[in-house]
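A short write-up of the structure that comes next.
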Amino acid sequence: MGLLEGKKGLILGVANDHSIAWGIAQALHREGAEMGFTYVGEALERRVRPLAESVGARLVEPCDVGSDADIDELMARTREVFGQIDFLVHAIAFANRDELSGSFLKTTREGFRIALEISAYSLIALMKAADDLLAPDASVITLTYHGSQQVVPNYNVMGVAKAALEASMRYLAADLGPRGVRVNAISAGPVRTLAASGIAGFRSLHRQFAEATPLRRNITAEDVGNTALWLLSDLSGAVTGEIVYVDAGFNIIGLSAGEG
Ligand code: NAP
């Protein structure tokens, strides 16, 4: 029997088959979970719907997390289709492309607001709206990146947004913990996705990454999916408020020196 047999939940953040959220969805599907998916706009619906149908999804709904009305509508549909949910996957981030290159000093007020609202506040908004839908032992995960803790060139305002996301995750874990709901984050190493392509210099960062890690390799959406599976299953039943790194060990390295 699969680890998630009989469990139902929502996955937000599948844009295409390269998305980290899709890597997660495949792992959850393999272990018997039933999932609902969301998309933003018609162009993305054409990509997301066939993927969702390939894993037998009964719910595929539009949801722009910048809109409380969209979030409320999504949760109303979720209640109709699933009743309660056992998990929620938040794999959403956005910043204007101009904010993801060059000097951090040129961050604009509006660019800061958008990045923080879509990439960090959205987790709070979703959990607030899903509050009475979450099963007593539900598990929620979000996706973050080490640029929240240390400076990564060009990541800029998204680093600040991820720091806010990680802190929000901890406050939510403390708030919902007393009723058994867990909230954790996966801090993933670089994966070549649509969102990542908006960050200046990403290709070169991705190329250099493997050599700098203890495991000497890049990570995949499948790696993230398998850790997500653990965090969303009962196997991680005593883990909440944590950031789990899926980065081939990159974050433990202080200085990467060449061999010999
Ligand atoms: P992705 O495939 O482009 O997924 C990003 C998702 O965010 C897309 O589905 C996108 O939908 C969605 N999104 C953006 N604005 C939204 C909004 N207003 N409402 C609802 N959804 C919205 O890229 P990804 O790399 O898999 O990103 C997933 C998560 O992993 C993000 O939180 C990202 O920061 C994180 N992460 C990525 C990496 C990496 O190297 N790729 C590393 C660490 C963490 P649209 O395309 O329709 O806007």
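For ligands, and for the atoms within them, numbers begin at 1 and follow the listed sequence.
Among protein heavy atoms, atom 30 (O) of ligand 1 sits closest to Leu143 CB, 3.4 Å. The protein atom (non-hydrogen) at minimum distance from atom 13 (N) of ligand 1 is Ile92 CG2, 3.7 Å. Nearest protein heavy-atom contact of atom 40 (O) of ligand 1 is Val191 N, 2.8 Å. In terms of protein heavy-atom proximity, atom 36 (N) of ligand 1 is nearest to Ile20 CD1, 4.0 Å. The protein non-hydrogen atom at the shortest distance from atom 46 (O) of ligand 1 is Ala15 CB, 3.9 Å. Remark: minimum distance from atom 11 (O) of ligand 1 to any protein heavy atom is reached at Val40 CG2, 4.0 Å. Looking from atom 19 (N) of ligand 1 to the surrounding protein, the closest heavy atom is Val65 N, 2.9 Å. In this structure, atom 31 (C) of ligand 1 lies nearest to the protein heavy atom Ala93 CB, 3.7 Å.
In the vicinity of Cys63, heavy-atom distances shorter than 4.0 Å reach the ligand 1 atoms 19 (N), 20 (C). Close approach of ligand 1 to Asp64 (heavy-atom distance below 4.0 Å) involves ligand atoms 17 (C), 18 (N), 19 (N). Within the listing of ligand 1, atoms 9 (O) sit less than 4.0 angstrom from a heavy atom of Val14. Heavy-atom proximity to Thr193, at under 4.0 Å, picks out these atoms of ligand 1: 23 (O), 24 (P), 25 (O), 26 (O), 41 (N). Annotation for ligand 1: atoms under 4.0 Å from non-hydrogen atoms of Pro190 are 40 (O). Atoms of ligand 1 lying under 4.0 Å from at least one heavy atom of Ile118, given by number and element, are 15 (N), 16 (C), 17 (C), 18 (N). Close approach to Gly189 involves these atoms of ligand 1, each under 4.0 Å from a residue heavy atom: 40 (O), 42 (C).
At a 4.0 Å heavy-atom cut-off, ligand 1 does not touch Ser122 at all. Residue contacts with ligand 1 for Thr144 involve N, CA, C or O but no side-chain atom from C-beta outward (heavy atoms, distance under 4.0 Å).
Protein heavy atoms are found less than 4.0 angstrom from atom 17 (C) of ligand 1.
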Decide yes or no on side chain to side chain contact (heavy atoms under 4.5 Å, CB included) for Phe87 and Leu28, but give the supporting numbers first. CA-CA 11 Å; Phe87 62 86; Leu28 305 193; 3.6 Å; yes
Mind running side chain to side chain contact (heavy atoms under 4.5 Å, CB included) on Glu31 and Glu5 for me, showing each step along the way? CA-CA 6 Å; Glu31 296 293 331; Glu5 212 66 57; over 6 Å; no
Begin with the C-alpha distance, continue with both residues' side-chain angles, and end with the deciding distance and a verdict on side chain to side chain contact (heavy atoms under 4.5 Å, CB included) for Ser197 and Arg192. CA-CA 7 Å; Ser197 68; Arg192 289 176 66 173; over 6 Å; no
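In this structure, Lys162 has a heavy atom closer than 4.0 Å to ligand 1.
Note on ring orientation: taking the six-membered ring where Trp is involved, the planes of Trp22 and Phe37 are tilted (angle from 30° to 60°).
Comparing Gly13, Ser19, Ala196 against atom 2 (O) of ligand 1, the shortest heavy-atom distance belongs to Ser19. For the residues Ala161, Gly147, Ala91, Ala195, the heavy atom positioned nearest atom 6 (C) of ligand 1 is part of Ala91.
Using modelled atom types and a 3.5 Å distance limit, the side chains of Thr220 and Asp223 yield a donor-acceptor pair. A donor and an acceptor atom, one from each side chain of Glu166 and Thr144, are located under 3.5 Å apart.
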